[in-house]
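Below, read A as the first sequence line, B as the second, and so on, with proteins coming before strands; counting in each chain starts at 1.
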Amino acid sequence: MPELPEVETIVRGLEPIVRGRRIESVWWSRRPLHLLRPIDLRGLRAVLVGRTIAGVRRRGKYIILESDRPRDEGVVIHLGMTGRLRVQPAAGARAPHTHVVFGLAGGDELRFVDARRFGWVEPGRPLARVAALADLGPDALAGFDATTLAAALTGVRAPIKAFLLDQRRIAGLGNIYVSEALFRAGIHPATPADRVRRRAAELLEAVGAVLAGGIARRGTTLRDYVDADGQRGDNAAALQVYGRASKPCPSCGTAIRRRVDAGRATFFCPRCQPPRR
DNA sequence: AAAACACCCTGCCTGC
DNA sequence: TGCAGGCAGGGTGTTT
């Protein structure tokens, strides 16, 4: 579910609530989040219990809770498709599919809820050793300029859509914002990445614009996403092509098309995004 | 090297 | 109203 704008919105909402709070306990469900790889749940206790949250950061689609001592330790969280992260009073009932709970001093709980259990939590001792973070490419929001993006595109024959979704190449974009960025840049999703090299500046502008718009509207809620306060995002109404198959292109009126690449839906305007080989 | 595909889950929507 | 089938924004691992 959550891509960079959703994760950024959650981090901004979470940071003022949990910064400076001491973690007193860590609890996990009997069916924890270990679908993709085993999670070192006991390590979570070691790295957080008795410590204070020094800050909350985002890297790509990952959320990082930083411990106060030592500063380079903490917990890395990925929300998968349906993950939610919220702070709620410990006295209140836990939602179904609550899998990890951090008990905060003062009676609140930071709760990780994830129906599909595609999410992921890992202690970082230190954070630099967490492979998922180490493998990430530059951040989609601030990690590139036109020159470095052009260099990254050079020689890559994979479709530009696959390039933008590959977190090792550029971190933070998911299926929704990739469709939106390619539409804004006027680039057909099947175009080989290398062929977009000379349009790197336009592509970068488009990526930045759709991400900034998503953040300004506090994320895209199609179904599951809510921010740290439990509020839906407003960006769904601003989507130009995603989920709008057969509806008119907002720019030229041509029917938006849906195609499937590598098992994922892509939406584009065949006129504004003509194929190029 | 890279593309295609199956897979990990649950919930919701559609159509019969 | 019930049920089967399709679909979902992510990431990984295997096969071609």
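Among the atoms of the strands shown, none is found under 4.0 Å from any heavy atom of A:Arg168. Heavy atoms of A:Tyr177 sit nowhere under 4.0 angstrom from any nucleic acid atom.
Distance from the side chain of A:His97 is smallest to B:dG11 among C:dG10, B:dA2, B:dG11. Side-chain proximity of A:Arg117 to C:dG9, B:dG11, B:dC9: nearest is B:dC9. With distances taken from any side-chain atom of A:Lys61 to the nucleotides C:dG10, C:dG9, C:dC7, the minimum falls on C:dG10. The A:Ala158 side chain lies nearest to B:dA3 when the options are B:dT10, B:dA2, B:dA3. Taking every side-chain heavy atom of A:Gln167 into account, C:dG11 is the closest of C:dC7, C:dG11, C:dG9.
Judged by closest nucleotide on DNA chain B, A:Ala162 is the one of A:Arg264 and A:Ala162 placed further toward the 5' end.
A:Arg157 CZ: 12 or fewer foreign heavy atoms inside a 6.0 Å radius. Heavy atoms of other residues, nucleotides or ligands lying less than 6.0 angstrom from CZ of A:Arg217 number more than 12.
Taking the centre of each ring, A:Trp28 and A:Phe112 stay at or above the 6.0 Å mark.
In this structure, A:Arg232 atom CZ and C:dG9 atom P are separated by 16 Å, rounded to whole Å. The CD1-P distance, from A:Ile160 to B:dA2, rounds to 13 Å in whole Å. A:Glu180 has its CD atom 13 Å from the P atom of C:dG9, to the nearest Å. Across the protein-nucleic acid pair, A:Glu3 atom CD and C:dG11 atom P stand 9 Å apart, rounded to whole Å. For A:Asn235 and C:dG9, the CG to P distance is 15 Å, given to the nearest whole Å. As a whole-Å value, the separation of A:Asp135 CG from C:dT12 P is 8 Å. Protein atom CG of A:Leu79 is 17 Å distant from nucleotide atom C1' of B:dC8, rounded to whole Å. The separation between A:Leu165 atom CG and C:dT12 atom P is 13 Å, rounded to whole Å.
In this structure, A:Arg116 does not pair ionically with A:Asp224, as no charged nitrogen and carboxylate oxygen lie closer than 4.0 Å. Here A:Asp194 pairs with A:Arg197 in a salt bridge; the nearest charged N to carboxylate O distance falls below 4.0 Å.
If you take atom P in B:dA1 and the same atom in C:dG11, they sit 22 Å apart, rounded to whole Å. Straight-line distance between the P atoms of C:dG6 and B:dA6: roughly 13 Å, to the nearest whole Å.
Side-chain nitrogen and oxygen atoms of A:His78 include at least one within less than 4.0 Å of the OP1 or OP2 phosphate oxygen of C:dG11. Between C:dG9 and A:Tyr225, no contact under 4.0 Å exists linking OP1 or OP2 to a side-chain N or O.
Distance alone, capped at 3.5 Å, places no donor-acceptor pair between the A:Glu66 side chain and the A:Val56 backbone.
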Could you spell out the base pairing of DNA chain C as a dot-bracket line? Use Watson-Crick and G-U wobble contacts where both distances are under 3.5 Å, [ ] for crossing pairs, | for partners on a different strand. .|||||||.|||||||

Check the pair A:Glu6 / A:Tyr177 against side chain to side chain donor-acceptor pair (under 3.5 Å), numbers first and verdict last. CA-CA 11 Å; A:Glu6 291 73 39; A:Tyr177 292 95; 2.7 Å; yes

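Side-chain N/O atoms of A:Arg116 and base N/O atoms of C:dA8 include a donor-acceptor pair closer than 3.5 Å.
Between the side chains of A:Arg111 and A:Gln88, a donor-acceptor pair is found at a separation under 3.5 Å.
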